[in-house]
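Note that the structure is predicted; figures quoted are calculated from it, not measured.
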Amino acid sequence: QVQLVESGGGLVQAGGSLRLSCAASGRTFSSYTMGWFRQAPGKEREFVAVISWSGGSTYSADSVKGRFTISRDNAKNTVYLQMNSLKPEDTAVYYCAADKAFLPYGLANAYAYWGQGTQVTVSS
């Protein structure tokens, strides 16, 4: 069982930066693939980024590539999403998710555990 709690969301102007954190409970955090997803009003939840259990593999959606960076600190049971050059279209609730498997990392229903989400609002 893994419990996830996101933090770090807020209101930021376009071009600004935010760093989201996702703190996980449990002693087996380091064995989980961790993903970030987002959901804007009226839209489906979409994949943002993923990181393997070791941190050795990371992938991100084309829409955020070059602007967002996912990382993890297994000693702190925390995964991060550094978001730079934010755009109004990045506005959404951001969720972290965890699963033992790495594939298929882009599908929301592949993840067993989810946080409650944190709101990110980017003003133009």
Side-chain angles (χ1 to χ4, degrees):
Q1 190 80 6
V2 177
Q3 292 185 324
L4 305 173
V5 179
E6 302 96 334
S7 61
L11 173 64
V12 64
Q13 288 188 332
S17 298
L18 283 174
R19 188 176 81 155
L20 304 183
S21 299
C22 174
S25 66
R27 293 173 289 179
T28 59
F29 171 78
S30 61
S31 65
Y32 283 83
T33 292
M34 299 298 297
W36 283 99
F37 286 76
R38 66 186 182 186
Q39 188 165 20
K43 294 188 177 181
E44 292 187 354
R45 193 167 296 191
E46 66 172 355
F47 167 75
V48 175
V50 65
I51 187 166
S52 62
W53 66 271
S54 67
S57 295
T58 62
Y59 296 94
S60 58
D62 288 343
S63 59
V64 306
K65 204 162 290 183
R67 301 188 298 122
F68 291 10
T69 302
I70 189 171
S71 61
R72 68 190 297 162
D73 185 337
N74 285 341
K76 295 183 178 180
N77 280 14
T78 302
V79 62
Y80 305 97
L81 185 68
Q82 178 66 44
M83 304 187 296
N84 298 328
S85 302
L86 282 161
K87 304 175 181 179
E89 51 263 44
D90 295 319
T91 295
V93 177
Y94 283 71
Y95 299 90
C96 70
D99 199 83
K100 286 282 192 176
F102 187 72
L103 296 174
Y105 60 74
L107 297 181
N109 61 13
Y111 291 79
Y113 304 101
W114 289 85
Q116 83 290 347
T118 186
Q119 177 71 48
V120 171
T121 303
V122 184
S123 63
S124 56

Quiz item: Which residues satisfy the side chain to side chain donor-acceptor pair (under 3.5 Å) test with E89, sequence neighbours excluded?
Solution: none

Quiz item: By side chain to side chain donor-acceptor pair (under 3.5 Å), which residues pair with N74, not counting sequence neighbours?
Solution: R72

What distance separates [X] [atom1] from [Y] [atom2], expressed to the nearest 0.5 Å?
{"X": "Q82", "Y": "R67", "atom1": "CD", "atom2": "CZ", "result": "12.0 Å"}
{"X": "L4", "Y": "T78", "atom1": "CG", "atom2": "OG1", "result": "10.5 Å"}
{"X": "L11", "Y": "Q119", "atom1": "CG", "atom2": "CD", "result": "9.5 Å"}
{"X": "S31", "Y": "W53", "atom1": "OG", "atom2": "CH2", "result": "9.0 Å"}

Quiz item: What is the ring orientation for Y113 with Y32, classed by angle as parallel under 30°, tilted 30 to 60°, or perpendicular over 60°?
Solution: perpendicular

Verify the cluster assignment for [X] and [Y]: are they in a single hydrophobic cluster under the rule of side-chain heavy atoms below 4.5 Å apart?
{"X": "W36", "Y": "V122", "result": "yes"}
{"X": "L18", "Y": "V93", "result": "no"}
{"X": "L86", "Y": "V48", "result": "yes"}
{"X": "V79", "Y": "V64", "result": "yes"}
{"X": "F29", "Y": "V2", "result": "yes"}

Quiz item: Less than 6.0 Å separating the ring centroids of Y105 and F102?
Solution: yes

Kindly say whether [Y] contributes a backbone atom to a donor-acceptor pair with the side chain of [X] at under 3.5 angstrom?
{"X": "E6", "Y": "G117", "value": "yes"}
{"X": "N84", "Y": "S17", "value": "no"}
{"X": "T33", "Y": "A101", "value": "yes"}
{"X": "Y111", "Y": "M34", "value": "no"}

Quiz prompt | Close side-chain approach of L81 and M83, heavy atoms under 4.5 Å | solution = yes

Quiz item: Do you know the tightest heavy-atom contact between V120 and G9?
Solution: CG2-CA, 4.1 Å

Quiz item: S124 and A14: which non-hydrogen atoms are nearest, and at how many Å?
Solution: CA-CB, 4.4 Å

Quiz item: Just wondering, are more than 12 heavy atoms of other shown residues or ligands nearer than 6.0 Å to NZ in K76?
Solution: no

Quiz item: Can you name the residues that form a salt bridge (Lys or Arg N to Asp or Glu O under 4.0 Å) with E46, not counting sequence neighbours?
Solution: R38

Practice problem: Applying side-chain contact (heavy atoms from CB on, under 4.5 Å), name anything that partners T58, two or more places apart in sequence or on another chain. | Solution: I51, I70

Self-check item: Chi angles and distances behind the salt bridge (charged side-chain N to carboxylate O under 4.0 Å, His left out) call for K65, D62
Solution: CA-CA 5 Å; K65 204 162 290 183; D62 288 343; 3.1 Å; yes

Exercise. Enumerate the residue pairs fulfilling disulfide bond (SG atoms under 2.5 Å apart) with a member in residues 13-124, sequence neighbours excluded, ordered by first and then second residue.
Key: C22-C96

Self-check item: W114: ring-ring contact (aromatic ring centres under 6.0 Å, His included) partners, not counting sequence neighbours
Solution: F37

